[in-house]
Asker: 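Below you'll find the structure I mean.
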Amino acid sequence: MNSYAKDLHIYNSLTGKKEIFTPIHPAFVGMYVCGPTVYNYVHLGNCRTFISFDLVYRYLLHLGFKIRYVRNITDVGHLENDADEGEDKIAKKARLDQLEPMEIVQKYTLDFHKVLDQFNAYPPSIEPTATGHIIEQIEMIQEILKNGLAYEVNGSVYFDVNKYSESFPYGELSGRKIEDLIAGTRELDGQDEKRNPLDFALWKNASPEHIMKWTSPWGIGFPGWHLECSAMSTKYLGEQFDIHGGGMDLKFPHHECEIAQGCASTGKSPVNYWMHGNMLTLNGKKMSKSTGNTLLPSELFSGENEVLTKGFHPMVVRFFMMQAHYRSTLDFTSDALSAAEKGFEKLMEAIQDLSRVSTSTASTIDVNGLIASYYSAMNDDFNAPILVANLFETVKQINALKEGKATITQADLDGLTKNMKAFVFDVLGLTTLSESGDNSKLEGVMDLVLNLRQQARDNKDWATSDKIRDGLAAAGLVVKDGKKGTSWK
RNA sequence: GGUCUCGUGGCCGAGCGGCUAGGCACCGGUCUGCAAAACCGUCUACAGCGGUUCGAAUCCGCUCGAGACCUCCA
């Protein structure tokens, strides 16, 4: 374990405070994050949450925790509205596209994996699906029924919120009061199965035309959306585990219901630290599939969307996200991305420069102070923007070394290099922009061309020199005349 | 309508009682045949109005504005 691990503070949505992180089992961490409902392409807003928790995962790994990271795939049970009526999202898409539901699931799961891979997000330790855990869900319902906190009506089972709230604080996560919730509930016609509008479905009876259904003790049906996360987190992480993450918009009702289901089945609140990532906005509004205010990662990479002036590399987008705290909303604009792109390149060049720094017998740079600043930033509720700022402070120092205005010992340089790379590559999850394809031939040509240009320059033949430069520029190759010779990109 | 969050310099964003991040842009400089790039420096902001305090962007109240949740959403 890293010695900094004991100082990690996490903002807990349940208490509204930053708390020191103490895992249930020392050195081991169980973390569950709500994954996507795979009925469509993931948009950039979805990605932000997963990238935020990728940062959490990576930093915990860096600190030396043994961590089991579970992130589910919702492939059934997610209805179009939470009146517990309406069509299943997967089934609807399947009907519209005339495909099997599992073809829909497969298509968009593959897309999801591909996109997260492009963003260099680690895959979770376990990625369970709702359809693969019907039995576990049924068992949990039985447990809740046994405890008298759910009731069956016409082949459906509903969670009894009123009864539950006699023993447990329903609404504690989202800070809501039952009375307020009821007051805000609209009357819905013909849905009198529920005793209380706040009750939510654990199991829904399926009509004959329903295409995704399973047999259960209550007849043929399908599980409610909130249940899968409870069943799967319990199965893989235990009745109580350390961290549960998800987007802010899942806080209510989804996570509130998860707490209720956990308490109702085991008597214990399932999660110690609730973490919620904030939304990515576009034009100041939340990115959302249902409103169409979205941007797809593929559009972002290619630049094929009217809000973009050009395409951006996934690593630039990731870096852009790292410059904002995960609990703050982040507004997406093309200008902001362009700014991030410049900064990203600056950071990456400084890292490359580290290998070219010459060492000395003494250091004028406080290397340990810089390294400590990386940890203190991340230990303060994963404050990546502060980490980035501290890394840029380091960049400034590296430039000073390059200019000969500062000195560093070999040991300090080694330590700095190791830690800076660890935080940039392992923790922030950034990678250098890989040159596309095989450039060896181009490099040979460029060496030759730049050599000829240098000869012209040596002869003060500016006409030839500039002709080469302009010609290359027209071909999209930028020539940079530096102190130590000419480079290109 | 109810609950809650937020309003920071040209832009994006940290900070959340005193030490006034960072990136980008702008401007100035170094370098350079010129240009670009790179590097260095400058720019001192916290919606408005009151209050608490020796001291507030940071705490409290009010006003205005934006957003989220309350219905599917990461």
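Just so we're on the same page: letters track the sequence lines, and every chain starts at 1.
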Asker: Distance check, P atoms only: B:A35 and B:G28, in whole angstrom units.
Answerer: 13 Å
Asker: Report the nucleotide, chosen from B:A74, B:C70, B:A14, that has the shortest atom-to-atom distance to any side-chain atom of A:Leu181.
Answerer: B:C70
Asker: Check every atom of B:A14, B:A74, B:C34 against the side chain of A:Arg457 and return the nucleotide holding the closest atom.
Answerer: B:C34
Asker: Of the candidate nucleotides B:G22, B:C39, B:A74, which contains the atom at the shortest distance from the side chain of A:Glu403?
Answerer: B:C39
Asker: Is A:Asn383 near enough to B:G15 that one of its side-chain N or O atoms lies under 4.0 angstrom from OP1 or OP2?
Answerer: yes
Asker: If only side-chain N and O atoms of A:Thr329 are considered, is one of them under 4.0 Å from the OP1 or OP2 phosphate oxygen of B:C6?
Answerer: no
Asker: Just by distance, no angles: are the side chains of A:Tyr39 and A:Asp88 close enough, under 3.5 Å, to form a donor-acceptor pair?
Answerer: no
Asker: Can you work out whether A:Gln397 or A:Lys342 has the more 5'-proximal nearest nucleotide on RNA chain B?
Answerer: A:Lys342
Asker: Both distances below 3.5 Å, Watson-Crick or wobble geometry, any strand: find the nucleotide opposite B:U53.
Answerer: none
Asker: Ring centres of A:His226 and A:Phe200 under 6.0 Å apart?
Answerer: yes
Asker: Which nucleotide, if any, forms a Watson-Crick or G-U wobble pair with B:U5, using both distances under 3.5 Å?
Answerer: B:A66
Asker: So A:Lys251, base contact, sugar-phosphate only, or nothing? Heavy-atom distance under 4.0 Å.
Answerer: nothing
Asker: Establish whether the base of B:G33 is bridged to the side chain of A:Asp466 by a donor-acceptor pair shorter than 3.5 Å.
Answerer: yes
Asker: Checking base pairs now: Watson-Crick or wobble, both atom distances under 3.5 Å. What partners B:A38?
Answerer: B:U30
Asker: When the distance from CG of A:Asp481 to P of B:U30 is rounded to whole Å, what number comes out?
Answerer: 18 Å
Asker: Can you measure A:Asp331 atom CG to B:C11 atom C1' for me and round it to whole angstrom units?
Answerer: 11 Å
Asker: Which part of the nucleic acid, if any, lies within reach of A:Ala336 when heavy atoms closer than 4.0 Å are counted: base, sugar-phosphate only, or nothing?
Answerer: sugar-phosphate
Asker: Would you mind telling me which residue lines up with the more 5' stretch of RNA chain B, A:Lys346 or A:Ser290, judged by nearest nucleotide?
Answerer: A:Lys346
Asker: What integer number of Å spans the C1' atoms of B:C24 and B:U42?
Answerer: 16 Å
Asker: I'd like the C1' distance from B:C4 over to B:A14, given in whole Å.
Answerer: 23 Å
Asker: Report yes or no: is the ring centroid of A:Trp462 under 5.5 Å from the six-membered base ring centroid of B:G33, with the two planes under 30 degrees?
Answerer: yes
Asker: In whole angstroms, how far is the C1' atom of B:G13 from the CZ atom of A:Arg48?
Answerer: 11 Å
Asker: Within the structure shown, what part of the strands sits under 4.0 Å from A:Asn399 by heavy-atom distance: base, sugar-phosphate, or nothing?
Answerer: sugar-phosphate
Asker: Give one of base, sugar-phosphate or nothing for A:Met279, where a contact means two heavy atoms less than 4.0 Å apart.
Answerer: base
Asker: Can you name the residues that form a ring pair (Phe, Tyr, Trp, His ring centres under 6.0 Å) with A:His325, not counting sequence neighbours?
Answerer: none
Asker: Ring centres of A:Phe112 and A:Phe50 under 6.0 Å apart?
Answerer: yes
Asker: Sticking with atom C1', work out how far B:U8 lies from B:G23, rounded to a whole angstrom.
Answerer: 15 Å
Asker: From the options B:G33, B:C70, B:G22, select the nucleotide whose nearest atom is closest to the side chain of A:Ala389.
Answerer: B:G22
Asker: Anything under 30° is parallel, anything over 60° is perpendicular, the rest tilted; go ahead and classify A:Phe382 against A:Tyr59.
Answerer: perpendicular
Asker: Quick one: do the A:Asp461 and A:Thr464 side chains pair a donor with an acceptor below 3.5 Å?
Answerer: yes
Asker: Suppose you measure atom P in B:A47 against the same atom in B:G10; what distance do you get, rounded to whole Å?
Answerer: 13 Å
Asker: Please measure how far the P atom in B:U58 lies from the corresponding atom in B:C69, and state the result in whole Å.
Answerer: 28 Å
Asker: Could you give the distance separating B:U52 and B:C40 at their P atoms, to the nearest angstrom?
Answerer: 46 Å
Asker: By the 4.0 Å heavy-atom rule, please label A:His325 as base, sugar-phosphate, or nothing.
Answerer: sugar-phosphate
Asker: Please tell me which of the listed nucleotides, B:U3, B:C12, B:G23, lies nearest to the side chain of A:Asp180?
Answerer: B:U3
Asker: For A:Gly277, report the nucleic acid contact type (base, sugar-phosphate, nothing); a contact means any heavy atom under 4.0 Å.
Answerer: nothing
Asker: Quick check: any donor-acceptor pair below 3.5 Å linking the side-chain of A:Arg469 to the base of B:A36?
Answerer: no
Asker: Distance check needed: B:A74 C1' versus A:Leu44 CG, whole Å only.
Answerer: 11 Å
Asker: Do A:His255 and A:His276 make the cut of ring centroids closer than 6.0 angstrom?
Answerer: yes
Asker: Does A:Leu330 reach a base, just sugar-phosphate, or nothing at all? Heavy atoms under 4.0 Å.
Answerer: sugar-phosphate
Asker: Whole-Å distance between B:G1 P and A:Lys177 NZ?
Answerer: 19 Å
Asker: For A:Phe53 and A:Tyr32, I'd like to know if the aromatic rings sit close, meaning centre-to-centre distance below 6.0 Å.
Answerer: no
Asker: Round to a whole Å and report the spacing from NZ of A:Lys402 to C1' of B:A37.
Answerer: 11 Å
Asker: With a 4.0 Å cut-off on heavy atoms, is A:Lys289 in touch with a base, just the backbone sugar-phosphate, or nothing at all?
Answerer: sugar-phosphate
Asker: Report the distance from atom CG of A:Asp249 to atom C1' of B:G67, rounded to the nearest whole Å.
Answerer: 13 Å
Asker: Side chains of A:His133 and A:Tyr236: any donor to acceptor distance under 3.5 Å?
Answerer: yes
Asker: Using a heavy-atom cut-off of 4.0 Å across all strands, would you classify A:Ser328 as base, sugar-phosphate, or nothing?
Answerer: sugar-phosphate
Asker: With rounding to the closest Å, how many angstrom separate the C1' atoms on B:C60 and B:C70?
Answerer: 28 Å
Asker: Counting any heavy atom closer than 4.0 Å, what does A:Gly35 reach on the DNA or RNA strands: base, sugar-phosphate only, or nothing?
Answerer: sugar-phosphate
Asker: Whole angstrom is fine here: how far is it from NZ in A:Lys285 over to C1' in B:C69?
Answerer: 16 Å
